[in-house]
There are 2 protein chains.
Amino acid sequence: MYTILLVDDEERMLDLVELFLMPLGMKCIKETSGKKAIEIVEKEKVNLVLLDIMMSDMDGWEVCKEIREFSNVPIIMLTARSDKADLAKGLNIGADDYISKPFDERELVARVNALLRRSSDLDKSKITYLDYTLDCDTYSLHYHESTIQLTLKEFYIIKTLISRPSKTYTREELLNIAWDYETETDIRTVDSHIRNLREKLRKANFPTDEFLKTVWGIGYKWN
Amino acid sequence: MYTILLVDDEERMLDLVELFLMPLGMKCIKETSGKKAIEIVEKEKVNLVLLDIMMSDMDGWEVCKEIREFSNVPIIMLTARSDKADLAKGLNIGADDYISKPFDERELVARVNALLRRSSDLDKSKITYLDYTLDCDTYSLHYHESTIQLTLKEFYIIKTLISRPSKTYTREELLNIAWDYETETDIRTVDSHIRNLREKLRKANFPTDEFLKTVWGIGYKWN
DNA sequence: AATAATTATGAAGAATTTATGCAGATTCTC
DNA sequence: GAGAATCTGCATAAATTCTTCATAATTATT
């Protein structure tokens with residue numbers, strides 16, 4: 001589960017963004033003060049920061065810069081204008097992406113997902129749960145001594161599920177996370193990939209039924 | 001631990017770059033004068049030099065040239081413009097890579113890492129993985145008693161892949177590492193070289209399919 | 001037990017990605 | 001400069017993956 005720190009001095013904006021991110025299973029910490037936001041990044045495990053540029057107590061650039069002095073957490077800057085100079089400034093200071101207001105849900109979610117994926121790909125190259133290890137360098141799944149090669153979609157599905165064992169993901173959530181948010185892919189396509197996955201697992205003699213489970217009426221989970 | 005010498009007459013830039021490199025456990029020496037920078041390379045153990053072109057006391061090109069008279073330390077040039085003529089000039093003088101401002105953290109870190117890895121590989125003249133040995137002096141690949149002669153591009157591709165077995169490299173990564181970063185070479189050219197490689201391997205009766213693998217939708221790997 | 005809703009499965013075709021062959025451009029060697 | 005080797009780009013064939021849809025099987029509801 002990802003924890004996102006939202007920093008903006010307008011509370012309405014915080015609530016709005018939280019509304020967008022919650023359905024993806026992300027935990028949001030809402031903060032109106034730049035100084036406090038920095039403390040939170042220091043103390044808590046934050047996976048991504050959404051940072052408004054204009055704030056009363058402290059400039060967003062300054063907050064970004066100070067965070068960068070001790071942390072590489074992915075940062076997305078929010079700004080009213082869409083200005084090339086701003087963009088360059090932000091990237092130099094260490095921001096990873098940049099969204100100009102007003103933005104819509106799709107755009108926000110797509111960028112947050114993209115950045116989370118990029119950064120998690122970078123630092124975690126292996127995800128282990130019990131006897132299973134997902135290797136993000138080779139896009140393969142290991143169980144004891146055996147290995148199966150996954151396709152891209154299979155990989156992203158398993159990665160989503162295994163990153164948070166026993167959490168049930170709806171097909172819609174899986175589409176949002178493993179596909180692009182803007183995808184118009186049929187929701188039942190998820191079933192097909194699950195099917196293919198189960199077959200691969202079965203052929204490799206992995207104890208699949210125990211791990212890749214259907215939660216009737218809701219979706220799928222790994223445990 | 002690597003020691004990086006940063007040379008730029010803007011102190012803010014020095015601080016910024018140090019901020020990027022410190023989290024990687026690299027020690028930075030910050031220097032605003034070109035002349036002093038040369039002395040530092042002479043006296044201290046420096047693993048890589050990040051050198052700005054525009055400086056007050058001495059032209060960056062000149063600094064690069066003088067360093068090359070006594071040292072092979074890897075040098076990355078920093079420049080405001082992104083100019084092909086500049087690039088050629090720099091590479092002729094002996095720079096190893098070239099970054100144009102403004103750059104972002106990811107780019108900088110990626111290039112510094114890539115160059116450090118490349119240059120540390122140079123010390124080792126042979127890279128061995130299982131029954132394969134890549135000879136960096138003769139640009140050839142050995143398997144048991146047989147040998148095949150590689151072209152430059154083939155060599156860099158195999159070297160990249162074999163240096164980190166089973167890691168899947170995208171075509172883009174291969175272009176960045178085996179070619180220059182600024183290359184405008186078509187991404188599919190990688191396929192052509194892979195094809196030629198496989199043919200060479202096959203003709204020499206090397207068990208190629210087992211080692212040089214396609215990872216569908218992503219790229220290639222060696223394992 | 002009958003009905004409704006949901007999921008699993010199979011199979012076909014669409015879409016995407018990779019392999020291959022070839023020609024022309026470029027670089028290197030003599 | 002000529003000739004050879006290497007590199008690049010493109011078109012097309014081949015392979016793989018993805019998506020959709022129809023139907024069977026399963027689970028829930030009444």
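Sequence lines set the chain letters: A, B, ... in the order given, protein chains first and strands last, and positions in each chain run from 1.
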[options]: which one has an atom nearest the side-chain heavy atoms of [X]?
X	options	value
B:Tyr220	C:dT16, D:dG9, C:dA19	C:dA19
A:Ser192	D:dA28, D:dC7, C:dA11	C:dA11
A:Trp179	C:dT18, D:dT19, D:dT8	D:dT19
B:Asp186	C:dA8, D:dT19, D:dG9	D:dG9
B:Trp216	C:dT7, C:dT16, C:dA19	C:dT16
B:Lys153	D:dC7, C:dT18, C:dA8	D:dC7
A:Leu152	C:dT17, D:dT20, D:dC18	D:dC18

Between [Y] and [X], is there a salt bridge with N-O shorter than 4.0 Å?
X	Y	value
A:Lys30	A:Asp15	yes
A:Glu199	A:Arg195	yes
A:Lys167	A:Glu173	yes

Is the shortest side-chain N/O distance from [X] to OP1 or OP2 of [N] below 4.0 Å?
X	N	answer
A:Thr214	C:dT7	no
B:Arg188	D:dA11	no
B:Thr151	D:dT6	no

To the nearest Å, how far apart are [X] [atom1] and [N] [atom2]?
X	N	atom1	atom2	result
B:Ile187	C:dT18	CD1	C1'	13 Å
A:Lys200	C:dA8	NZ	C1'	18 Å
A:Glu199	D:dC18	CD	P	14 Å
B:Tyr139	D:dC7	OH	P	12 Å
A:His193	C:dA15	NE2	C1'	12 Å
A:Tyr169	C:dT7	OH	C1'	21 Å
A:Arg198	D:dA25	CZ	C1'	13 Å
B:Arg171	D:dT8	CZ	P	15 Å

Enclosure of B:Gln149 CD (heavy-atom neighbours >12, cutoff 6.0 Å): yes
Going by the angle between their ring planes, with limits at 30° and 60°, are A:Phe211 and A:Trp222 parallel, tilted or perpendicular?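 Tilted: the ring planes of A:Phe211 and A:Trp222 meet at 30° to 60°.
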At under 4.0 Å between heavy atoms, what does A:Leu150 touch on the DNA or RNA strands: base, sugar-phosphate, or nothing? nothing
Nearest nucleotide by nearest heavy atom, which residue falls closer to the 5' end of DNA chain C, A:Asp191 or B:Arg195?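 First, find each residue's nearest nucleotide; the 5'-ward one identifies A:Asp191.
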